[in-house]
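Both ligands and their constituent atoms are indexed starting at 1 by order of listing. All of these numbers come straight from a predicted model, not from anything done at the bench. In this chain, numbering begins with 1 at the start of the sequence shown.
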Amino acid sequence: MRNRGAKSLVGLTRREALLAAVAAPAMAGNLGAWPIGPDLRAAARVSNRFFGAAVQADQLRHDAPFREAVMGQCDCLTPELELKWAAVQPVAARFDFARMDALAGFARHHGKRLHGHTLLWHRSIPGWARAAIAETRDWAIIHRFFAAVIARYDGIVDYWDVVNEPIEIGDSPTHLRRSPFLDAFGLDYVRRALDSARALSPKGRLLINEYGIEYADLASESRRGALLALIDRLRQQGVPLDGIGIQAHLDLQKGQLDQAVFARFLQDLADRNLLVLITELDVREADPRLPWAERDEQVAGAVRAFLDVALDQAAVRGVTTWGFSDRYSWLNDDGRGVMQPGRNRGLPFDAALRPKPFVQAIATALRRVPYIVPPPVEIVPLQVDSMFDTTPPP
Ligand code: G3I
């Protein structure tokens with residue numbers, strides 16, 4: 001793979017390092033608006049891709065510096081929680097779109113797109129639906145949820161994670177995960193989900209989003225094989241599947257990425273005429289006792305090795321990180337909903353919103369790849385205009 005060339009310890013160019021040093025004292029009282037660091041939106045534009053991050057509506061509402069930084073760097077926002085089934089339909093008779101509407105209104109006001117995460121996920125089924133599905137095996141329960149969500153947000157969502165994390169080796173003969181969906185509807189539920197989504201969203205890009213498919217270990221190898229087999233089965237049946245989301249929760253404990261193996265997998269997807277998104281990029285660290293600079297360089301190294309390969313592949317259309325700053329990361333959640341921002345430094349910006357070498361790694365990878373010729377675009381009018389308050393959250 002390409003050699004990225006020499007870098008300073010923290011991955012900044014000399015000029016950026018100098019600018020950062022000059023700016024640091026001036027910014028000391030206002031870390032929220034840190035002015036230095038690559039512009040990820042601009043970098044993504046160079047190759048006609050996009051950069052995005054998963055965020056929560058409450059974070060944007062209550063944290064102005066965070067909001068400003070996210071808006072400055074992202075083209076697309078993924079709702080970390082707000083669109084999940086348990087969040088939008090906590091009881092059968094009531095949809096609660098308040099938080100998702102806040103995020104959508106906010107995105108729209110700032111000219112951002114949304115990533116539709118997620119429709120079917122075994123970990124976000126409301127209790128009532130779990131019971132109802134098991135009892136009635138009635139697909140209409142799922143279709144109604146799809147219909148409500150897609151009708152409301154399709155105009156601002158380009159990509160839908162229609163099925164999230166369907167693979168679990170050994171759970172079933174075809175390695176589809178054992179879930180309430182599999183139990184009630186059998187191996188055919190993925191097809192039904194994609195068909196339902198297509199009926200409701202003729203133009204949306206429909207994805208299967210999966211994790212654990214990046215490394216070369218046996219488990220990942222099996223998961224890749226099972227996913228490709230699922231794709232082939234769906235394709236043979238003419239099922240509307242447009243692409244694959246690769247979550248990319250990288251893990252330093254897993255050692256170095258085997259770039260050739262990962263490149264082969266991406267090519268396997270491209271050969272099937274699928275588009276690919278990197279949907280949940282972040283890095284779990286191996287040794288939090290090391291000095292910060294060293295940790296950040298290790299994290300950036302893993303990102304560089306990954307994106308080098310990912311962005312060599314023209315089928316890859318965009319990169320989204322799972323969170324934006326270490327201030328809010330599922331890897332820093334203590335399990336009781338309390339953030340411990342120093343625990344893991346696996347996101348592009350640190351807890352003070354300063355760009356880390358991770359940012360430089362994304363920007364460099366995005367800028368140095370060939371421009372992707374865009375497919376002809378039909379402008380789809382936003383269907384949700386009147387529904388959102390367009391004033392930014394206070
Ligand atoms: O906010 C409440 C808090 O008030 C309460 O005290 C605490 C008690 O557990 O819960 C807090 O809510 C938690 C929420 O995260 C806060 O961020 C939920 O319990 C917890 O289930 C939720 O976890 C989210 C998880 O998906 C399940 O929805 C994570 O934030 C989110 O990062 C994670 O995202 C998933 C993707 O959707 C799919 N891929 C993997 C990725 C990481 O697990």
Side-chain angles (χ1 to χ4, degrees), residues 52-63 66 70 74 76-90 96 98-100 102-103 114-127 129-130 145 149 153 157 159-168 177 179-181 190 193 207-215 219-220 223 227 243-254 276-285 306 318-341 343-349 351:
V55 294
Q56 297 181 20
D58 284 352
Q59 296 162 358
L60 297 177
R61 188 192 301 276
H62 298 303
D63 188 339
F66 178 79
V70 167
C74 297
C76 182
L77 305 178
T78 302
E80 187 177 355
L81 307 171
E82 291 79 357
L83 197 61
K84 289 171 178 168
W85 194 359
V88 300
Q89 199 180 6
D96 178 355
R99 283 177 183 213
M100 189 56 215
L103 193 59
L114 291 176
H115 183 92
H117 180 81
T118 175
L119 296 177
L120 274 200
W121 189 30
H122 62 283
R123 282 182 56 200
S124 64
I125 311 171
R130 187 178 284 269
F145 159 60
V149 165
Y153 302 113
V157 167
Y159 300 94
W160 290 100
D161 291 342
V162 179
V163 184
N164 195 38
E165 305 176 358
I167 301 296
E168 188 59 41
R177 177 185 297 280
S179 72
F181 313 125
V190 179
L207 311 181
I208 291 174
N209 191 42
E210 192 51 274
Y211 73 93
I213 48 178
E214 298 83 7
Y215 288 92
S220 308
R223 294 174 62 78
L227 180 59
I244 296 297
I246 295 181
Q247 292 192 3
H249 292 292
L250 304 183
D251 186 343
L252 294 183
Q253 285 181 21
K254 293 194 172 165
V276 179
L277 297 185
I278 307 306
T279 50
E280 306 190 11
L281 177 63
D282 62 6
V283 183
R284 188 187 288 275
E285 291 186 86
F306 179 80
V319 177
T320 292
T321 50
W322 200 248
F324 179 81
S325 132
D326 298 331
R327 191 179 283 195
Y328 310 112
S329 162
W330 72 294
L331 295 172
N332 284 331
D333 192 319
D334 71 352
R336 286 163 297 165
V338 179
M339 283 294 153
Q340 305 203 321
R343 192 147 93 170
N344 196 83
R345 295 176 63 85
L347 284 171
F349 292 80

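- Between Tyr159 and His115, the ring planes are parallel. Angles under 30° get that label, and only those over 60° would be called perpendicular.
- When non-hydrogen atoms are compared, ligand 1 lies under 4.0 Å from the side chain of Glu280 (C-beta onward) but not from its backbone.
- Contact check for Leu277 versus Thr320: no side-chain heavy atoms found under the 4.5 Å cut-off.
- Distance check for atom 30 (O) of ligand 1: a protein heavy atom is found below 4.0 Å.
- Within the 4.0 angstrom cut-off, atom 39 (N) of ligand 1 has one or more protein heavy-atom neighbours.
- A cation-pi contact, defined as under 6.0 Å to the ring centre and within 45° of the axis, is absent between Arg177 and Trp121.
- Ring geometry, Phe181 versus Trp85: the interplanar angle falls under 30°, so the pair is classed parallel (tilted spans 30 to 60°).
- Ranking the protein heavy atoms by distance from atom 9 (O) of ligand 1 puts Gly335 O, 4.0 Å first.
- Looking only at side-chain heavy atoms (C-beta outward), Phe306 and Ile278 come within less than 4.5 Å of each other.
- Classified by interplanar angle (parallel below 30°, tilted 30° to 60°, perpendicular above 60°), the ring pair Phe349/Phe324 is parallel.
- Listed by atom number, the atoms of ligand 1 under 4.0 Å from Arg336 heavy atoms are 6 (O), 7 (C).
- The N/O atoms of His117, backbone and side chain alike, include one that comes under 3.5 Å of an N/O atom in ligand 1.
- Nearest protein heavy-atom contact of atom 11 (C) of ligand 1 is Gly337 CA, 4.3 Å.
- Using a 4.0 Å threshold on non-hydrogen atoms, atom 18 (C) of ligand 1 does not count as touching the protein.
- Distance check for atom 2 (C) of ligand 1: every protein heavy atom is found at 4.0 Å or beyond.
- Counting heavy atoms closer than 4.0 Å to ligand 1, residue Tyr211 contributes nothing at all.
- For the residues Leu331, Asn209, Leu81, the heavy atom positioned nearest atom 22 (C) of ligand 1 is part of Leu81.
- A cation-pi contact, defined as under 6.0 Å to the ring centre and within 45° of the axis, is absent between Arg223 and Tyr215.
- For ligand 1, the atoms lying closer than 4.0 Å to a non-hydrogen atom of Asn164 are 38 (C).
- Heavy-atom proximity to Gln56, at under 4.0 Å, picks out these atoms of ligand 1: 17 (O).
- Distance screen at 4.0 Å: atom 13 (C) of ligand 1 has no protein heavy-atom neighbour inside the cut-off.
- Residue contacts with ligand 1 do not include Tyr328, since none of its heavy atoms lies under 4.0 Å from the ligand.
- Atom 32 (O) of ligand 1 has its closest protein heavy atom at Glu80 OE2, 2.5 Å.
- Contact atoms of ligand 1 toward Glu165: 38 (C), 39 (N), 40 (C) (distance under 4.0 Å to a heavy atom of the residue).
- Side-chain contact between Tyr328 and Glu80 is absent, with no heavy-atom pair separated by less than 4.5 Å.
- Heavy-atom proximity to Gln247, at under 4.0 Å, picks out these atoms of ligand 1: 39 (N), 40 (C).
- Under the 4.0 Å distance rule, the nearest protein heavy atom to atom 26 (O) of ligand 1 falls inside the cut-off.
- Of the inter-residue distances, the one linking Lys84 atom NZ with Met100 atom CE reads 12.0 Å to the nearest 0.5 angstrom.
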Residue pair Arg345, Glu285: steps toward the side chain to side chain contact (heavy atoms under 4.5 Å, CB included) verdict: CA-CA 7 Å; Arg345 295 176 63 85; Glu285 291 186 86; 3.5 Å; yes
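- Per-residue contacts place Lys84 under 4.0 angstrom from the following atoms of ligand 1 (heavy atoms of the residue considered): 25 (C), 26 (O), 27 (C), 28 (O), 33 (C), 34 (O), 36 (C), 37 (O).
- Within the 3.5 Å criterion, the main-chain N or O of Thr321 finds no donor-acceptor partner in the side chain of Asp282.
- Taking every heavy atom of both residues into account, Ala248 and Glu214 meet most closely at N-OE2, 2.8 Å.
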